[in-house]
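What follows is a single structure, written as structure tokens, with notes after it.
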Amino acid sequence: MSEHYEDDKSRAAKAGFYHAYFSLKNILIGSYIVLSILVISIFAVVTSKVTEQIITEKENRAVINSLRNIDDRITLKLDNYGTVMNSLAYSDSTQTLLKQASELSNQRQLELVNEVYYKMNEVNVTNTEINAIQIIDLSGKKYMLNNGNYYLEGLMDNYFESPLYDQVRSLNGGLFIDYSGAYSRDTNNLTLYRTINELRGTKPIGVIAMSIKKQALGSILFQDSDLPLTSLIDISGITVIDAQKELQGTESAISFNSFTDIASSFETPLYGDNYFITYLKNKHYDYTLVNRAPIGSIYQDVAFIKKVNFYLILFNLLVVVIIAVFLSRTLVKPINELIGLMNRVRQGNLNIKMTNPPLNEIGILANNFNEMVMTLRNSVPLRKEQLIGKLLLGRTADSGLLQQAKELGLPAFDSAHGVAVMEINDRSNIDASAVSIDDVEILLQSELAAIHSSALLHILDSRRVIMIVHGEDEDIVPYLHKMLNEQKNIPVTIGVGRFYASAEHIHESYLEALDALNYKHLFDRNGMIYINDIQAYVYSYEQLDVLEDGIVHAVKYMKEEELLSMIDKLFITFKEQFVSKEAMNRTIVNTYLKIFKLMSDRGIDLFGSEQSNIQVPSINNIHLHAGAHELKREFAAFLQSATRLIEERREKRMNETIAVAIEIIQSRYADNDLSAGNIAKELHISENYFSKLFKHETGVNFSQYVTTVRMEAAEKLLRQTGNKIGEIALQVGYNDANYFSLCFKGAFGVSPGKYREKQGN
């Protein structure tokens, strides 16, 4: 017993000795003592340092002048954007709409909305640097013009509950700029915000936001050929624009926030090399312009001075090598061993530990590392989530992926897999204890366990769950869809990507599933959408414009049957060509505006007491429709009502004599001898008086009206029959088929034969 005690005491004394004399602190102190000898060599490089300082100051002045020039132009550009926003925010139409909306009639509100849209569209057309503009009143109502920028629309949905509201509000009408997308999550554009106050007052009545392409500032930043490596960095240290575009949107590796100077410079190691950094802060718009230049390119002029110091430096290197050998035995070797073990842990190997750690502070780190590995062994669920996240993000190039999956008890990913994304729809029909996304995950996990499925689940956000499915379990997706919608009364839409043979393509299948969900407005509200059913189709806005005009034409001439046919054709085109929701809404809004103008031209007040039973659609709420079915129902109902109103107005205003004449034309348009003179005789009035009265009542002369009726009849025959062109010409009152073709082309823009081809007859 006493011998063991003496051995333990001896080992403890020895450990104390090593800890006292070979601790990290003592090693560093000894290193500093040796390195202090090198101070002597400082005098040998004083001349080179002086030269470097002179060149540095000269270079710095030149770069600062260039940055000031760039800064002035960028400031002017941002001032111009602020002026554009002011002109929109403080126009009479915007001020009236935001300040007095509740006091205005619906007709007046609609007129103001149209004026605001016109002004925003005019700015966006004349200034191609603008992606999107939105104006929001304090109640959250939005007036927006989006040109492919959907991040801005999503951000402004919860603007008043976000921290961004306080940031913008605190400026009291000043311009706030989100350079890096910290709020909008749009790293490709800049977003400008400004509180809209009452004209000549400080009371806020709304907010205006504008999305600007980064290229607008990038073109200024990179046009100076003397500054090839320039950056624009925002106040939070994020690189907004950079000559090396892969750095954009990342946290800047340049640390300059500790400097309070407006303009300054310093040297720093960067991207594996030493750089000379020059920066210029813009306090008005909270950004910093940065230029970096390799030290070597600046200090070429002092190379000859360094040659003088070559032998002294060689001596210093010899001393450093001796110190390095000493440090490698006591510090570097165990540190490298510890780093190697950490890398193996990062790759998923938890069956390791560091043995025989040194008796100094590195040993303490090693013991902490060993305890950390033991803790990680107990965190397998967390590692599973991380591995699934790697698969979905496409980070399958990490080594040992299949081995990690095996260690964590996950299925092998060396066979066919696909991804489905379940999105919970409006849950207003669920009981008061509506399930959360976590409840849905638990429900799905339970169901998968009951049927012994190896599918993996991952929560994407508060409404969507991702499921990775093995190719043999593909039928599990429709089974779970039916279970959630029908048995559990949880309305979900599922987007399903393709199944691929290897793990490298799971990310691709995931993106396909998300893309499929973008088309849910064209399918059943709670249905399943397979990416294989979505065809890549580049639809034509011109084709949609033709359908718009066809609908307006049917309403204008009170052809209800043709109107319903054109509406059906429009919504069939939406679905067959997979038109995006934004393009679909644009077509519907454009048609509404044309109908509103048509009815206004005819003196019909949609908001008058006579039309109180007509449901006038709200253009602002078009985007709220969940799918094409509800939108089509409202669209058709309003257009039919508009057609009947126009017909009633015409009947009330029509002179009785002209009403009889129109009936004659409608019944005898096929007679080639139909003329104003013949009808005037039948009505016992002069031809001259009849012609003047006809144009006064209908707005067109007699021959134009007859031609319109005949062309409408011909168009219907071309669509519904297989008759020859010459036969159709005779049927609508033309003896000359060539003249008929000229009239038809003048009315419809194409010949009868081409028109029939387009209709598929």
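None of these values were measured; they are calculated from a predicted model.
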Can a donor-acceptor pair be found, under 3.5 Å and without considering hydrogens, that links the side chain of Y90 to the backbone of N197? yes
Rounded to the nearest 0.5 Å, what separates atom CD in E548 from atom CD1 in I588? 8.0 Å
What distance do Y183 atom OH and Q167 atom CD have between them, rounded to the nearest 0.5 Å? 4.0 Å
Under a plain distance cut-off of 3.5 Å, with no hydrogens placed, do S139 and D137 share a side-chain donor-acceptor pair? yes
Quick one: do L171 and Y193 satisfy side-chain contact (heavy atoms from CB on, under 4.5 Å)? Show the steps, please. CA-CA 10 Å; L171 297 178; Y193 305 87; over 6 Å; no
State the CG-CG distance between L232 and L221, to the nearest 0.5 angstrom. 6.0 Å
Measure the shortest side-chain to side-chain distance between F222 and I241 over non-hydrogen atoms and say whether it is less than 4.5 angstrom. yes
The residue among N188, T191, N189 that forms side-chain hydrogen bond (donor to acceptor under 3.5 Å, both in side chains) with N131 is N189
Q95 and I205: side-chain contact (heavy atoms from CB on, under 4.5 Å), yes or no, with the steps? CA-CA 8 Å; Q95 285 283 310; I205 59 174; 3.7 Å; yes
Can any side-chain N or O of S509 pair as donor or acceptor with the backbone N or O of R498 at less than 3.5 Å? yes
Roughly how far, to the nearest 0.5 Å, is the OG atom of S105 from the CD atom of E111? 7.0 Å
Residue pair I74 / N282, side-chain heavy-atom distance below 4.5 Å: no
In sequence, state the C-alpha distance, the side-chain angles, and the governing distance for S236 and D234, and then conclude on side-chain hydrogen bond (donor to acceptor under 3.5 Å, both in side chains). CA-CA 6 Å; S236 60; D234 69 7; 2.9 Å; yes
Evaluate side-chain contact (heavy atoms from CB on, under 4.5 Å) for R68 paired with L289, printing each intermediate quantity in order. CA-CA 9 Å; R68 289 189 190 281; L289 298 179; over 6 Å; no
Test your reading of the model: is there a side-chain donor-acceptor pair from E423 to the backbone of I494, 3.5 Å cut-off? no
Step by step, work out the side-chain hydrogen bond (donor to acceptor under 3.5 Å, both in side chains) result for T75 and D72. CA-CA 5 Å; T75 300; D72 290 341; 5.5 Å; no
As an exercise, state the distance from CG of L593 to CG of N114, rounded to the nearest 0.5 Å. 5.0 Å
Can you name the nearest heavy-atom pair linking I595 to A642, along with the distance? CG2-CB, 4.1 Å
Does Y592 have its ring centroid less than 6.0 Å away from the ring centroid of F638? yes
I'd like to know if the side chain of D439 and the backbone of S436 have a donor-acceptor N/O pair within less than 3.5 Å. yes
Contacts of Y165 meeting ring pair (Phe, Tyr, Trp, His ring centres under 6.0 Å) (sequence neighbours excluded), chain-then-number -> Y159, F160
For N291 and L229, which heavy atoms make the closest approach, and how far apart are they? OD1-O, 3.3 Å
Closest non-hydrogen atom pair between P204 and T195, with its separation: CB-CG2, 3.7 Å
Student check: side-chain heavy atoms of L164 and F176 closer than 4.5 Å: yes
Between I437 and R464, which heavy-atom pair has the shortest distance, and what is it? CD1-N, 3.8 Å
To check you understand the geometry: which heavy-atom pair defines the closest contact between G206 and L138, and what is its length? N-CD2, 3.9 Å
Please report the C-alpha distance between I70 and I220 in whole Å, then the side-chain angles of each, then the deciding distance to 0.1 Å, and finally whether the side-chain contact (heavy atoms from CB on, under 4.5 Å) criterion is met. CA-CA 7 Å; I70 292 172; I220 297 174; 4.1 Å; yes
Looking at N485 and V492, would you say the former's side chain and the latter's main chain have a donor-acceptor pair under 3.5 Å? yes
Could you check if a side-chain atom of Q445 sits within less than 4.5 angstrom of a side-chain atom of I442, using non-hydrogen atoms only? no
Short N-O contact, D242 and K214, less than 4.0 angstrom: no
Taking everything shown except Q100 itself, do over 12 heavy atoms lie less than 6.0 Å from its CD? yes
Measure the shortest side-chain to side-chain distance between R194 and L192 over non-hydrogen atoms and say whether it is less than 4.5 angstrom. no
Side-chain touch V469/V496, heavy atoms, less than 4.5 angstrom: no
Under a 4.0 Å threshold between the charged nitrogen and the carboxylate oxygen, would D92 count as salt-bridged to K119? no
Minimal non-hydrogen separation, Q109 against L97, with atom names: O-CD1, 4.1 Å
Thinking salt bridges, do K213 and E129 make one under a 4.0 Å N-O criterion? no
Y287/D71 under side-chain hydrogen bond (donor to acceptor under 3.5 Å, both in side chains): CA gap, chis, key distance, verdict: CA-CA 10 Å; Y287 66 80; D71 183 68; 2.8 Å; yes
Cut-off 3.5 Å, side chains only: do T587 and N590 have a donor facing an acceptor? no
State, with a plain yes or no, whether a side-chain heavy atom of L484 is found less than 4.5 Å away from one of L444. yes
Would you say that I135 contacts M120 through its side chain, given a criterion of any heavy-atom pair below 4.5 Å between the two side chains? yes
Going from NZ on K283 to OG1 on T288, what distance comes out if it is rounded to the nearest 0.5 angstrom? 10.5 Å
